[in-house]
Protein chains: 2
Amino acid sequence: MKTGDQELVKKINKSIVLQTIQASSPISRAQISKESGLNKATVSGLVSELMEEDFVLEIGTGLSSGGRKPVMLYFNQTAGYAIGIDLGVNYILAVLTDLQGQVVEKIEEPLEETFPGVVLPMLKNIINTLMETQPASSYGVVGIGVGVPGITDNNGSILFAPNLNWEQVNVKQDLEQYFELPVVIENEAKAGAHGENIHGAGRKSSDFVYISLGIGIGTGIIIDDKLYKGARGMSGEMGHISIDANGKKCRCGNKGCWELYSSESTLLEQAAKLPSMEGKELSLNQLIQEAEAGNGEVLSLLSRIGEYVGIGLTNVVNTFNPEQIIIGNRLSKIQRWLENPIHHVLEQRLLPPFYEGLEVSFSQFGIESCALGSAAFSVEAFFSENKVTVT
Amino acid sequence: MKTGDQELVKKINKSIVLQTIQASSPISRAQISKESGLNKATVSGLVSELMEEDFVLEIGTGLSSGGRKPVMLYFNQTAGYAIGIDLGVNYILAVLTDLQGQVVEKIEEPLEETFPGVVLPMLKNIINTLMETQPASSYGVVGIGVGVPGITDNNGSILFAPNLNWEQVNVKQDLEQYFELPVVIENEAKAGAHGENIHGAGRKSSDFVYISLGIGIGTGIIIDDKLYKGARGMSGEMGHISIDANGKKCRCGNKGCWELYSSESTLLEQAAKLPSMEGKELSLNQLIQEAEAGNGEVLSLLSRIGEYVGIGLTNVVNTFNPEQIIIGNRLSKIQRWLENPIHHVLEQRLLPPFYEGLEVSFSQFGIESCALGSAAFSVEAFFSENKVTVT
DNA sequence: AACGTTTGTTTATTTATTAAACATAATAGC
DNA sequence: GCTATTATGTTTAATAAATAAACAAACGTT
């Protein structure tokens, strides 16, 4: 049981000060005091600690508003760095970000084989390369976050990743031993949701659901600006909600799962059957080209997929009553063709009070949300160890 | 922005002390100190405040374990009372509970008409009767909680209650003016979920979903021991998750909603079509009698309903990965016949890690969860005003 | 140059927790 | 029955953090 003491008070207030600086930098001590409600003296004390820790810098003076000039404070976002990885089914996307989540370096490599024995050494290589490119800083790389396309438990093990054909692989332990840095493993959709919440389209919302439309469908649930993980860390498998109780069998055991009707796999499968696609390459990019060229068959296929996305989203909204839905991952590339059918279905199927307050957005950074979210996990773990909490 | 100060620390610790007393009464000051990690002196101080406020009583001494005898402390659960209402579709169930949630008085009346003009005066009457029966106490009735079968917003308005045929009725304002007491209005399933979390089958779980199987299906989502309300207070309409995307239309606008396959209405509707039920009364109790008498048609109907409950629960579990599912409201009466088909479907359709950690329970107090949960809302509101928080 | 204003620091006060000392009251061993 | 030991609960002094108030510094205005 966590009791209350002065240390807790200080941690809360120090976090408030740092967050205020992050949000409104450059900002003076006086203004922090006004915005936060903390006493000027308190702010001064906490700021000087933050400066000793190199998280905050004084840079020059601001404009006077009829009195002494304020000393402006900045969040020192390059006091350290984090590495975020999106371990995709057929690619690895790795980023080096600063403490604010700004991408400093980026590596993307295709993944030909998915055996752990191939992937893990490759992963270590990529991380090593990023480590070497990091600029000099007080804290260096503070942690590594990895988003994976599968079900993870709370210990950083990948229990089941059907698309990689992995079972029971403990990536966390492996990487932590090798790099001697804290490692966070999280499901790809959960990491993406977090990325959007911290840096992306979900910054303004505190309750939203991120839908990762990729090879399969995953969801990340943000409640009160926190990721909801579920009892054993496996929440959000809404791709396996049955939208046709007696539909075709899914490999998860259920029947008529949502992702059988509106994922990238399904899209490509169904495209293969179109006469107009005969002999052509079957890829998302090819389909986009066809759609742009006005291929009617492809257009109506995309529209049908969009409708099924909408049907699944109806379920999401009735469940969570979120302020916002954010659609990310590969199929966010075909936003143009999905948007209308989605809205049409939602308007038709939702009760007005559910539809009215709802915003449906697409990811701002397309495929990068996952890597950015993973890096953000590491940054937060680092700060919370340092007796500060940062959103 | 809520900053940290000593008041916050005290509130946290005072809550810990009170909660410890509630959970383990009778208990000594020394033992509270050991269990909570708070210093003996701190505990002594906080206890004496709680005694001044009449929330805690000293009652005699306990057994010595080789030293001075401990003074035993009790939570004074009759320092005040709360009223909890379950406004059902065809009944009103009202309880007067003490601060611990013990039912002191109970009134149940059938509801023949559902016009607000009829229901509200009746409600006031019932509440008045309960008020008169309350024993003498320090704080008297501290609040009124009402669970309603419909969608509420965060202001205590009932936006939409199809089964009562209500729209935009502000019960909270009405009752608060009349009784001059704080009133909490909440959806029936959310109140039920909270009731189970505080007093019932969900006491040990911090993440579970309560399924209210009544005329329709509602759900209450408990995350981290807190009710999840959604952006506008309308979360948990999982009865309107489509389990057959192209199924028959529901009045909510969606198609193939779960509650069209496994609610009490559906059960009765389908029972009406059974040859063996011709000329018999169509009610849940009658069906229970038939089942007990071994009516094969009814038994297979119940089994089919159970399977569809299971199909919906699969969706719930894939979404939330809860530790527990609690089934409550009217259909919890037919637990005997639902249990097997539900488990069968879950085992078949869920991935093993989802099924393994999962407990499926039925409500301990059947229909009373909602009224108890509503009363509990009021008790908590009262305590949080008194600078103490109680779960 | 005098005045008022804003910024940031210093000082004294307040409040809550805690460790340590203490008083109290019981059991256990001899 | 006496003493040693042990557990309970209170008192006292120390500590830590926030805050109000006073103050010093720096600036613009008149």
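This one's a predicted model, so the numbers in the text were calculated from it and none came from an experiment. Labels below follow one simple rule: chain letters A, B, ... track the order of the sequence lines, proteins then strands, and each chain is numbered from 1. Side chains are part of it too, since the values below use all heavy atoms of this structure and drop only hydrogens, waters and symmetry mates.
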Spacing of [X] atom [atom1] relative to [N] atom [atom2], expressed in whole Å:
| X | N | atom1 | atom2 | answer |
| --- | --- | --- | --- | --- |
| A/E58 | C/dT9 | CD | C1' | 13 Å |
| A/L63 | D/dA26 | CG | C1' | 15 Å |
| A/L46 | C/dG8 | CG | P | 15 Å |
| B/E35 | D/dT8 | CD | P | 12 Å |
| A/Q31 | C/dT6 | CD | C1' | 12 Å |
| A/D5 | D/dA18 | CG | C1' | 14 Å |
| A/L38 | D/dA20 | CG | C1' | 14 Å |
| A/M72 | C/dT6 | CE | P | 16 Å |

Do any side-chain nitrogens or oxygens of [X] fall under 4.0 Å of OP1 or OP2 in [N]?
| X | N | value |
| --- | --- | --- |
| B/S65 | C/dT27 | no |
| A/K34 | C/dT7 | yes |
| A/S44 | C/dT9 | yes |
| A/N13 | D/dA18 | yes |
| A/R29 | C/dT6 | no |
| A/T42 | D/dT19 | yes |

Among the nucleotides [options], which one has an atom lying closest to any side-chain atom of [X]?
| X | options | answer |
| --- | --- | --- |
| A/K40 | D/dT8, C/dA19, C/dT7 | C/dT7 |
| B/S28 | D/dT8, C/dA26, C/dT17 | D/dT8 |
| A/Q6 | D/dA17, C/dT18, D/dA18 | D/dA17 |
| B/K10 | C/dA16, D/dA20, D/dG28 | C/dA16 |

What do the steps show when you test A/F383 against A/Y139 for ring-ring contact (aromatic ring centres under 6.0 Å, His included), and what is the final call?
CA-CA 11 Å; A/F383 272 120; A/Y139 293 97; 8.3 Å; no
I'd like to know whether B/F320 forms a ring-ring contact (aromatic ring centres under 6.0 Å, His included) with A/F320, so could you lay out the CA-CA distance, the side-chain angles of the two residues, the decisive distance to 0.1 Å, and finally the verdict.
CA-CA 11 Å; B/F320 288 104; A/F320 289 104; 5.3 Å; yes
Looking across every strand, which nucleic acid part, if any, lies under 4.0 Å from [X] by heavy atom: base, sugar-phosphate, or nothing?
| X | answer |
| --- | --- |
| A/K69 | sugar-phosphate |
| B/V71 | sugar-phosphate |
| B/A30 | sugar-phosphate |

How close do B/Q364 and B/A201 get, counting heavy atoms only, and between which atoms?
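Scanning both residues, the minimum pair turns out to be CD-N, 3.9 Å.
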Less than 3.5 Å between a donor and an acceptor, one on the side chain of A/R68 and one on the base of C/dT6, is that the case here?
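Result: no qualifying N/O pair found.
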I'd like to know if B/N39 reaches the base of C/dA19 with its side chain such that a donor and an acceptor end up less than 3.5 angstrom apart.
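Yes, a donor-acceptor pair under 3.5 Å.
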Most 5' of B/G4 and B/G66 on DNA chain D, judged by nearest nucleotide:
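It is B/G66 whose nearest nucleotide is closer to the 5' end.
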How would you list, by chain and number, every residue that makes a ring-ring contact (aromatic ring centres under 6.0 Å, His included) with A/Y81, sequence neighbours excluded?
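In terms of ring-ring contact (aromatic ring centres under 6.0 Å, His included), with neighbours along the sequence ignored, A/Y81 is linked to no residue.
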Under 3.5 Å donor-acceptor, A/S235 side chain and B/N321 backbone:
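Not confirmed, A/S235 side chain does not pair with B/N321 backbone.
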Any donor-acceptor pair under 3.5 Å linking the side-chain atoms of B/S369 with those of B/E196?
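Side chains of B/E196 and B/S369: pair found under 3.5 Å.
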